[in-house]
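See structure below.
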Amino acid sequence: MKRKLGQECFALERLLEEFEKCVGQQKEQLRSLKELEELFKKDVEDVHHMKDNIPAHMPMKKGPANGNEHVMTKKEAAEVQPAQTDDVKKTNKSYAREMEFITMPEFEKIPQYMKGRVSYDQLNAAVQSINTAVTAKYKIFHQSVRSLNNHSRKLYQRFKDQEMKDTKGQYFVVEDDIREFTQVRVDKRFQGILNMLRHCQRLRELRGGGLTRFLLL
């Protein structure tokens, strides 16, 4: 009887653990969707801004379609292009590179001893969490220091201190960034996931100054 009760308790603990994992993944997905919504709103605002920058003095030429269609000349296109290019550069500056999700063929090629009990969905959930941390980090990193609050300024300074010669032009995060911007537990299991991502050539480690940096490839 005691043995059966122990087995039932163990099964309940396993179910509770899986339930907690599912809840954590749902929270991460919800957070990612909110961030995507904010990025989409910013894209819409940028498009309207670019539209408003088109010179108002451009003449309207009648076209065969509706009589009011504007046909842009080469000279007019040259006048508008620089402004659009500048806007695109400013917009792209706020975006961070993201890690590509693992495909099923890639997952199947990972050695079983390395995968352990980590499933395909759990691995890609970790990819999404790392992307969330990268996006949040570089959103702060690309802002003006004057526009940041005290906490964000401290993070900004930490990001600057973590930069080194070999990270120039690269996107990377450290364990503290993952703890700061996600709800992922940085434990042995997560370290195993990082090994899998290195095996799939999604990131590489760069050590220095007592810190391990995870660079996106």
Side-chain angles (χ1 to χ4, degrees), residues 20-21 23-46 49 86-102 118 122-198 200-217:
E20 290 177 350
K21 289 180 182 178
V23 172
Q25 291 176 3
Q26 291 295 328
K27 288 182 179 179
E28 291 175 10
Q29 292 176 0
L30 179 60
R31 181 175 180 177
S32 299
L33 288 174
K34 289 182 178 180
E35 292 179 352
L36 288 174
E37 182 182 8
E38 293 298 324
L39 291 175
F40 177 75
K41 289 181 179 179
K42 180 174 176 56
D43 285 341
V44 173
E45 292 175 358
D46 291 336
H49 177 67
D86 291 342
D87 286 336
V88 171
K89 287 182 179 179
K90 292 177 181 179
T91 302
N92 290 340
K93 186 177 180 181
S94 62
Y95 291 100
R97 180 178 177 182
E98 291 191 346
M99 184 188 303
E100 294 182 0
F101 287 101
I102 304 299
V118 177
Q122 289 171 338
L123 180 59
N124 276 324
V127 171
Q128 181 61 56
S129 297
I130 293 174
N131 285 337
T132 298
V134 172
T135 300
K137 170 185 175 178
Y138 285 94
K139 182 179 180 181
I140 294 175
F141 200 62
H142 288 153
Q143 289 186 31
S144 171
V145 180
R146 294 181 179 180
S147 65
L148 302 175
N149 57 33
N150 290 334
H151 180 65
S152 295
R153 287 187 181 185
K154 292 179 181 179
L155 291 176
Y156 178 89
Q157 187 58 50
R158 189 183 79 190
F159 301 154
K160 292 286 289 183
D161 294 339
Q162 292 171 353
E163 291 286 330
M164 54 191 301
K165 182 180 179 181
D166 293 336
T167 61
K168 186 176 182 180
Q170 304 290 328
Y171 289 96
F172 71 91
V173 291
V174 299
E175 290 185 357
D176 285 342
D177 298 330
I178 296 172
R179 295 189 184 97
E180 177 74 30
F181 300 116
T182 73
Q183 297 178 348
V184 174
R185 293 181 180 178
V186 184
D187 50 16
K188 290 183 178 180
R189 179 175 176 275
F190 187 74
Q191 292 296 333
I193 289 176
L194 293 177
N195 288 333
M196 295 167 64
L197 295 176
R198 284 197 296 271
C200 294
Q201 297 183 351
R202 289 299 191 275
L203 56 80
R204 69 182 179 91
E205 287 187 0
L206 180 63
R207 300 175 185 271
L211 192 67
T212 301
R213 301 161 181 80
F214 304 105
L215 276 69
L216 273 61
L217 297 178

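Below, all heavy atoms of this structure are taken into account, side chains as well, without hydrogens, waters or symmetry copies.
Applying the side-chain hydrogen bond (donor to acceptor under 3.5 Å, both in side chains) rule to R213 yields no partners; only residues at least two apart in sequence or on another chain are considered. Partners of R146 by salt bridge (Lys or Arg N to Asp or Glu O under 4.0 Å), not counting sequence neighbours: none found. Residues that satisfy the side chain to side chain contact (heavy atoms under 4.5 Å, CB included) test with E205, not counting sequence neighbours, are R198, R207, T212, F214. Under the side chain to side chain contact (heavy atoms under 4.5 Å, CB included) criterion, L148 pairs with I140, Q143, S152, R153, Y156, not counting sequence neighbours. Under the side chain to side chain contact (heavy atoms under 4.5 Å, CB included) criterion, Q122 pairs with E18, K21, Q25, V118, S119, R189, sequence neighbours left out.
Between M99 and L197 there is a side-chain heavy-atom pair separated by less than 4.5 Å. At a threshold of 4.5 Å between non-hydrogen side-chain atoms, the residues Q162 and L211 count as touching. Looking at Q128 and N124, their side chains never come closer than 4.5 Å, going by heavy atoms from C-beta outward. Side chains of Y138 and F172 form a contact here, defined as non-hydrogen atoms less than 4.5 Å apart.
D187 CG: more than 12 foreign heavy atoms inside a 6.0 Å radius. Dense packing is recorded around CD of Q191, with more than 12 heavy atoms of other residues, nucleotides or ligands lying under 6.0 Å away.
Considering all non-hydrogen atoms of both residues, V173 and A133 come closest at CG1-C, 4.2 Å. The two residues F141 and K160 have their closest heavy-atom pair at CE1-CD, 3.5 Å. Taking all atoms of both residues into account, the shortest heavy-atom contact from E98 to L216 is C-CD2, 3.9 Å. Taking both residues in full, the closest heavy atoms of I193 and A126 are given as CG2-CB, 3.6 Å, listed atom of the first, atom of the second, then distance.
Atoms CG and CZ, on N131 and F101 in that order, are 6.0 Å from each other to the nearest 0.5 Å. With rounding to the nearest 0.5 angstrom, the CE atom of M196 is 12.0 Å from the CZ atom of F190.
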Next item on the list: Just do the side-chain contact (heavy atoms from CB on, under 4.5 Å) check on F181 and T135 with the steps written out, would you?
Entry: CA-CA 9 Å; F181 300 116; T135 300; over 6 Å; no
Margin query: side-chain contact (heavy atoms from CB on, under 4.5 Å), that's the test. Do Q170 and L206 meet it? Break it down for me.
Written below: CA-CA 11 Å; Q170 304 290 328; L206 180 63; over 6 Å; no
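The salt bridge (charged side-chain N to carboxylate O under 4.0 Å, His left out) analysis of residues 162-175, with sequence neighbours excluded, yields the pairs E175-R179.
With hydrogens and angles ignored, the 3.5 Å screen pairs a side-chain donor or acceptor of R97 with a backbone N or O of L217.
Of the N and O atoms on the side chains of D161 and Q157, at least one donor lies less than 3.5 Å from an acceptor on the other residue.
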